[in-house]
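Along the sequence shown, residues are numbered consecutively beginning with 1. When a ligand or atom number is given, it counts from 1 through the structure's own listing order.
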Amino acid sequence: MKKQTIRPAKFLAGGVSLPGDKSISHRYAMLAALAEGASELRHFSAAADCHSTLACLSALGAKIKIEKDAVRITGKGPRGLKESRRALDAENSGTTMRLLAGILAGQEFTSKLTGDASLQKRPMKRVVVPLREMGADIRARDDNFAPLEIRGRRLRAIDYQMPVASAQVKSAVLLAGLFADGVTSVTEPARTRDHTELALEEFGAAVERNGRTVRVHPLAGTNGGKLVARALDVPGDLSSAIFFIAAASLLAESNILIHNVGLNPTRTAILDVVAGMGASIHMVSLQSSHGEVVGELAVKGASLKGGVIEGGQIPLVIDELPMLAALAPFTEEGIEIRDAAELRVKESDRIAALAENLRRMGAKVEERPDGLRVEGRKAGKLRGAEIDPRGDHRIAMAFAVAALAAEGPTVIRDADCVVVSFPTFFQELDRLAER
Ligand code: S3P
C-alpha cells in the first residue's frame with residue numbers, strides 16, 4: 001500500500017474545490033434509482049463509498065451512466081428494482097449498507113449485502129431491529145454483522161424511537177417507510193443530519209417534521225405512487241472541507257477560500273465549535289440549492305483555544321471529531337471529547353486510532369471508553385512520525401494536517417485509504433501548502 005510523506009508547511013493559500021457531499025450523493029443516487037425516468041446528479045461525489053452505492057444500484061437494475069462530473073441514473077419506479085444475482089458489495093461504506101437495507105426490506109425479493117473487513121465488523125443490529133419490526137425477514141452474522149440476507153416484503157408502518165442518534169438508522173427506516181402500509185415515524189434522541197428528509201421531498205415523497213420526529217408517507221397513495229426523476233446539484237462536502245479549515249487555522253499566515261461547500265445547519269456545528277475556539281472562518285455568498293444550503297468559506301490562520309465537546313453536539317460533528325482531536329496539541333488548553341463511544345464503531349475504532357497515532361507524534365493523550373483528552377501546546381510540540389491510519393480515510397487525513405505543523409516529516413502508511421471520501425486529498429493539500 002502506498003505511503004505518503006508530509007513535510008511541514010509555512011502556510012496554506014488559494015482556493016479549494018471539494019468532492020460532492022458523500023451523504024447527499026448516496027441519497028440522491030438511491031432515490032433516483034427508485035424514481036421513474038432519468039435523473040442527472042451534477043457534482044456527484046468522487047468518493048469510493050458513493051461509487052459502491054452506484055455499483056449496488058446497477059446490480060439491482062438501475063441504468064447508470066457516469067460522466068465527467070455528473071451521474072445519470074434511470075429508474076423504473078419504486079417497484080422497478082430487480083433481484084441481483086450476486087451479493088451486493090457495499091465495500092467500506094456504512095451508509096450504503098444501512099440505507100440500502102431499508103430500501104431492500106421493502107422489495108418483494110431477496111438480497112444479500114456484504115462489505116469489506118472493516119464494514120463486516122460494524123454493528124448492523126441497529127437497522128435490523130426496526131426493519132424486522134416493520135415485517136422484513138433479515139438474517140445477519142451473529143445477528144449483528146454483515147453479510148446480511150434481506151427477504152423483503154410489503155412492510156408495516158411503525159413509530160420508531162431510535163435508541164442511538166444515527167442519521168443512517170433514521171434514513172433506513174424512512175426509506176423502508178416508502179414501502180409500508182401507512183405513515184412511518186422516526187424519533188431521534190438527538191438531532192442528526194437531515195439530508196434524507198430533504199432529498200425525499202426533492203424527489204416528491206411526502207415528509208412531515210415536528211421537532212425530532214419525522215413522518216414519511218408510503219409511496220402508494222402519494223403522487224400516484226411515484227417518485228419524480230430530478231436534475232440536482234450536489235454541494236461540496238463540509239466533512240472534507242474540515243481538513244483544509246483545520247490546516248489553514250493551524251498555520252498563522254494562511255488564507256484560503258473554500259468554494260461551493262454544503263452548509264446545511266445539521267452539518268455546520270463543527271464551524272461553531274472551531275470558531276468558538278478562535279478560528280477565523282467567514283461564510284460568504286450563502287444560497288439555497290434543492291433544500292440544501294451552499295456557500296463559500298474564507299479561512300485564515302488563528303490561535304486556537306481548545307475546549308470540551310460533548311452531549312448533543314457529538315452526533316452533529318461525528319465525522320469531524322478525528323480532525324478536531326488531531327488539532328488538540330496545537331491549542332492552548334487541549335481538547336476533550338466526551339459521550340462519543342460511537343467513534344469506536346466507525347470505519348476504524350477512531351478513539352484508539354487517534355490515541356495511538358497522537359502518541360506516536362509525542363502528544364499527551366488520555367483514552368477513555370467514550371472519548372479522549374488530548375493536552376494542548378504546553379505538553380510540547382508534535383514531531384513527525386509514522387502514522388498507521390488503520391485503513392480509515394479520516395484518520396489518514398487528520399494526521400496529514402497535523403503533520404503540516406509538526407517538526408520533521410511524517411509518513412502516512414496505507415495512504416490510498418483516502419479514496420473512500422476524497423481521492424485527490426493529498427494533491428489538493430500539496431497544491432495549497434507553501435513550504
Ligand atoms: C452518515 C451518518 C453518520 C456519519 C457517516 C455518514 C450518513 O453515521 O458518521 O459518515 O450519511 O447518514 P451514523 O448515522 O451512523 O452516525
Go through the steps for L358 and F399 under the test side-chain contact (heavy atoms from CB on, under 4.5 Å), then give the verdict. CA-CA 8 Å; L358 278 163; F399 282 91; 3.8 Å; yes
Give the intermediate values and the outcome of salt bridge (charged side-chain N to carboxylate O under 4.0 Å, His left out) for residues R394 and E347. CA-CA 9 Å; R394 297 201 203 278; E347 287 84 327; 5.0 Å; no
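Residue-level proximity to ligand 1 for M162 is absent, since no heavy atom of it falls below 4.0 angstrom. The side chain of R193, and not its backbone, has at least one atom closer than 4.0 Å to an atom of ligand 1 (non-hydrogen atoms only; side chain from C-beta on).
Remark: ligand 1 atoms within the under-4.0 Å shell around heavy atoms of I318 are 9 (O).
Checking only distances, K346 does come within under 3.5 Å of ligand 1, N or O to N or O. Residue R394 has no nitrogen or oxygen atom sitting less than 3.5 Å from a nitrogen or oxygen atom of ligand 1, judged on distance alone. Residue S23 has at least one nitrogen or oxygen atom sitting less than 3.5 Å from a nitrogen or oxygen atom of ligand 1, judged on distance alone. At under 3.5 Å, not a single nitrogen or oxygen of V169, backbone or side chain, sits near a nitrogen or oxygen of ligand 1. In terms of polar-atom proximity, defined here as any N/O pair under 3.5 Å, R27 does make such a contact with ligand 1. Distances between N or O atoms of R126 and those of ligand 1 include no value under 3.5 Å. At under 3.5 Å, a nitrogen or oxygen of D319, whether backbone or side chain, sits near a nitrogen or oxygen of ligand 1.
Note on E366 versus R373: no salt bridge recorded, every NZ/NE/NH1/NH2 to OD/OE distance being 4.0 Å or above. Under 4.0 Å is where a charged nitrogen must lie from a carboxylate oxygen, and between E310 and R368 no such pair does. Ion pairing of E67 with R72 is present here, as a side-chain N (NZ or NE/NH1/NH2) and a carboxylate O approach within less than 4.0 Å.
The nearest non-hydrogen atom to atom 6 (C) of ligand 1, considering only Q168, K170, E188, comes from Q168.
Considering D319, D272, D237 as possible partners of R267, the one that fulfils the salt bridge (charged side-chain N to carboxylate O under 4.0 Å, His left out) test is D237.
Closest non-hydrogen pair, V234 versus S25, comes out as CG1-OG, 3.5 Å.
Ring geometry for F425 against F243 counts as perpendicular: the plane angle is over 60°, on a 0 to 90° scale with 30° as the lower cut.
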